[in-house]
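Below is one structure, written out as structure tokens; the observations come after it.
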Amino acid sequence: MFVTCLLTVSLALTASAAPGMPPGTQAGAPTQTLWLVQPMYPGQDALVKRTEDGIGALLPQDLKAQQVIGREALAGYLQGREGDLGCVTGATRCREPLESYLASLGLERVVLLQAGQDDAGYRFRAVSVRPDSGARAQAETANPAFEKALAGVLVKFLTLNATVEAVTEPAGATVFVDGVKVGTTPYATEVLPGEHTFRFELASHLPKEETRVVASREPVKLHAALEKVPARLVVKVLPEGTRILVDGKQVGTDAVDQGIQPGSRTLSLVQDGYEPQEVKAEIAPGATYTLERELKPTSMQAFKLAMRRRQAATMARQSYLEGSYEMLSLTGTALATHPTGSNPGLSDFRTLDVRAPGSRRMMGLGVEYGRYGQYFGVMLVGATYYRTADTWTMGVSIPDGASGEWVDRVRGNDNALDTQAQMMSLRALQPQLRYVVGPFSFAIQAGVEVRGLLLKEKNRPESAPFEDGLFAVDLHGSAQASARIFVYEGLYASVAYQYGISLLKNIAGTSNLRGGLGYAF
């Protein structure tokens, strides 16, 4: 930074500098300060002129005659001046040739200032060099306000602060400068030039605030006569976020404890979704007026609050146990069954189909247990036992013992069996996704179930070849959508629809409705 400063100054002086001073000429003591500004970031050349003007505005009046601000002012300053280049050319031996040359031009100090703007606001970086002694100083500041950022860096090189003396009647008031607590009156401090807000607060008195534009080195005297509060207002209101207004002007939120002038006042309590309240208050001098209220929600807001409470209570219960009654229907007719070990000669056979299309229904009772998080859960284990309420008519093919050919009959010309069916479904670890709205819970789940089916021939004669029945085992992929309504605490009623497809093609797919009662805990 120092090298950059000297190079910048030397380039600025080269065009107008004379080769040297006449022999025997004595240069006067340097008295001028040179300010040169350059942009900190590319494309911010407009800040150069603004910064030069800002420096001029911030400098005290008694110092302006000794300041050279900017390249244009430098060019005018150098008119008719001849610097001593003896040290630069080597004719005279000097400790710092360039600094000696600057001092010969009457420059007591050179300040190079870089100005930029970024996400943090305005940023200034400066370096100061005194040619006579070689003393150097650096400073850097940043502030969202241009004037404050510039003043913050200039104050490192010049005495710019204004003095502030604050007194109040009565004394002992808390002093705030630009919203920051700094002390109590009587109080003296220094502030940077610019606009400042001074506020005085004292218990049982009305606060007083004053905003002033302070010049460099300006002595500022503040005198505030605080008015004693003759009455006190205490307001507490629910729900949270309720605005408290006095005579149409908001004075706080949720709770207020402050002084107030006596007389007739209109207190308004306002909150979105709640019925507003207005109170006409007669406040006596020296008295404390207290108001405690709870706003009544509108019908829609009351409904929303109730839904939120029910939703929170529902989501807080993370385990459930449910019993259900189910109505199941086969979505197809095919059943690949096997004899249940009653006749070794019938180890191979074929079932044709369920021939009565309207009789493929079963009724069942089920139970399941699972856990939920906020949105995701898992059905840990469940089982359902089904039984037919009517007769299933089955077509069956069996191998003929003599010819080895398949014969579509069981006895005589009868190629059908009248049966009743039982089925067990076992399922576990089925993931669930749920959404809760008040007391309602909606969920979808999917997984794999193991299903076992047993067919028993109805009114079986003594010669029936399938005396122990026929069985089939299959894996079903299933998906389920369910809805629950919580009626009291954790007690709920549910309804669900499930659809399953056969993975091994032994038992036709299923479609069933389920209704149940459960308890979440």
Side-chain angles (χ1 to χ4, degrees), residues 238-241 271-275 294-329 361-389 422-449 451 476-500 510-521:
L238 292 174
E240 293 184 0
Q271 168 72 300
D272 292 339
Y274 293 81
E275 297 179 2
E294 181 173 355
L295 299 187
K296 180 180 179 181
T298 62
S299 56
M300 180 56 69
Q301 182 69 10
F303 174 75
K304 291 180 179 178
L305 293 175
M307 292 291 283
R308 289 173 188 167
R309 289 192 295 268
R310 293 296 300 274
Q311 177 176 342
T314 300
M315 299 183 75
R317 299 176 180 272
Q318 298 184 345
S319 299
Y320 71 92
L321 181 64
E322 179 181 322
S324 60
Y325 177 77
E326 303 184 21
M327 296 179 292
L328 177 144
S329 298
R361 289 189 296 272
M362 305 182 79
M363 304 299 175
L365 295 175
V367 62
E368 68 178 38
Y369 168 75
R371 286 186 60 82
Y372 275 121
Q374 184 172 2
Y375 298 107
F376 300 96
V378 59
M379 190 282 297
L380 295 175
V381 62
T384 305
Y385 171 77
Y386 301 94
R387 186 180 181 88
T388 55
Q422 302 175 63
M423 186 166 66
M424 177 65 74
S425 172
L426 298 176
R427 52 194 180 274
L429 302 178
Q430 294 190 357
Q432 299 175 332
L433 174 66
R434 76 164 178 172
Y435 180 72
V436 178
V437 181
F440 299 96
S441 175
F442 304 93
I444 57 174
Q445 74 181 51
V448 177
E449 299 184 10
R451 292 191 172 179
H476 277 212
S478 65
Q480 174 180 292
S482 62
R484 296 172 178 169
I485 178 170
F486 286 76
V487 293
Y488 179 74
E489 294 186 349
L491 183 66
Y492 66 86
S494 69
V495 61
Y497 173 76
Q498 183 184 55
Y499 189 86
T510 59
S511 173
N512 64 307
L513 290 174
R514 174 185 301 167
L517 291 174
Y519 189 80
F521 52 92

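We're numbering straight along the sequence, starting at 1.
To the nearest 0.5 angstrom, Glu326 atom CD is 13.5 Å from Tyr385 atom OH. Taken from CZ in Phe486 to OG1 in Thr314, the straight-line distance is 5.0 Å, to the nearest 0.5 Å. To the nearest 0.5 Å, atom NZ of residue Lys304 and atom CE of residue Met307 are 11.5 Å apart. Atom-to-atom distance recorded for Ser441:OG and Ile485:CD1 is 11.0 Å, nearest 0.5 angstrom. How far CE of Met327 is from CG of Asn512: 9.0 Å, rounded to the nearest 0.5 Å. In this structure, the separation between CG on Leu380 and CD on Gln432 is 8.5 Å, given to the nearest 0.5 Å.
Counting heavy-atom neighbours within 6.0 Å of Phe521 CZ, excluding the residue itself, gives a total above 12. In this structure, Phe303 places its CZ atom where only 12 or fewer heavy-atom neighbours from other residues, nucleotides or ligands lie under 6.0 Å away.
In this structure, the side chain of Gln271 engages the main chain of Glu240 through a donor-acceptor pair within 3.5 Å.
Ser329 and Arg361 share no side-chain donor-acceptor pair at under 3.5 Å. Side-chain polar atoms of Thr510 and Arg451 form a donor-acceptor pair below 3.5 angstrom.
Shown here for Ser482 and Ala496, the closest heavy-atom pair between the two residues is CB-CB, 3.6 Å. For Ala302 against Pro297, the heavy-atom pair with the smallest separation is N-CB, 3.9 Å. Taking each heavy atom of Tyr499 and Ser511 in turn, the nearest pair found is CD1-CB, 4.1 Å. Contact between Pro439 and Arg310 at its shortest, heavy atoms only, is CB-NH2, 3.2 Å. Contact detail for Gly490 and Arg317: the closest heavy-atom pair is N-CZ, 3.6 Å. The shortest non-hydrogen separation linking Tyr519 to Leu491 is CD1-N, 3.6 Å.
Looking only at side-chain heavy atoms (C-beta outward), Val495 and Leu513 stay at 4.5 Å or farther from each other. Taking the side chain as every heavy atom from C-beta outward, Glu449 and Gln498 approach each other to under 4.5 Å.
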Verdict with reasoning, Gln430 to Ser478, per side-chain contact (heavy atoms from CB on, under 4.5 Å)
CA-CA 10 Å; Gln430 294 190 357; Ser478 65; 3.8 Å; yes
For Tyr492 and Leu517, what are the C-alpha separation, side-chain angles and deciding distance, and is it a side-chain contact (heavy atoms from CB on, under 4.5 Å)?
CA-CA 6 Å; Tyr492 66 86; Leu517 291 174; over 6 Å; no
Dump the intermediate steps for side-chain contact (heavy atoms from CB on, under 4.5 Å) on Leu295 and Glu275, then the final yes or no.
CA-CA 6 Å; Leu295 299 187; Glu275 297 179 2; over 6 Å; no
Run the side-chain contact (heavy atoms from CB on, under 4.5 Å) check on Met315 and Arg434 step by step: do they pass?
CA-CA 10 Å; Met315 299 183 75; Arg434 76 164 178 172; 4.2 Å; yes
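Between Glu322 and Arg514, none of the side-chain N atoms (NZ, or NE/NH1/NH2) sits under 4.0 Å from a carboxylate O, so this pair counts as no salt bridge.
No option in Tyr320, Tyr372, Tyr369 other than Tyr320 meets the side-chain contact (heavy atoms from CB on, under 4.5 Å) test with Met379.
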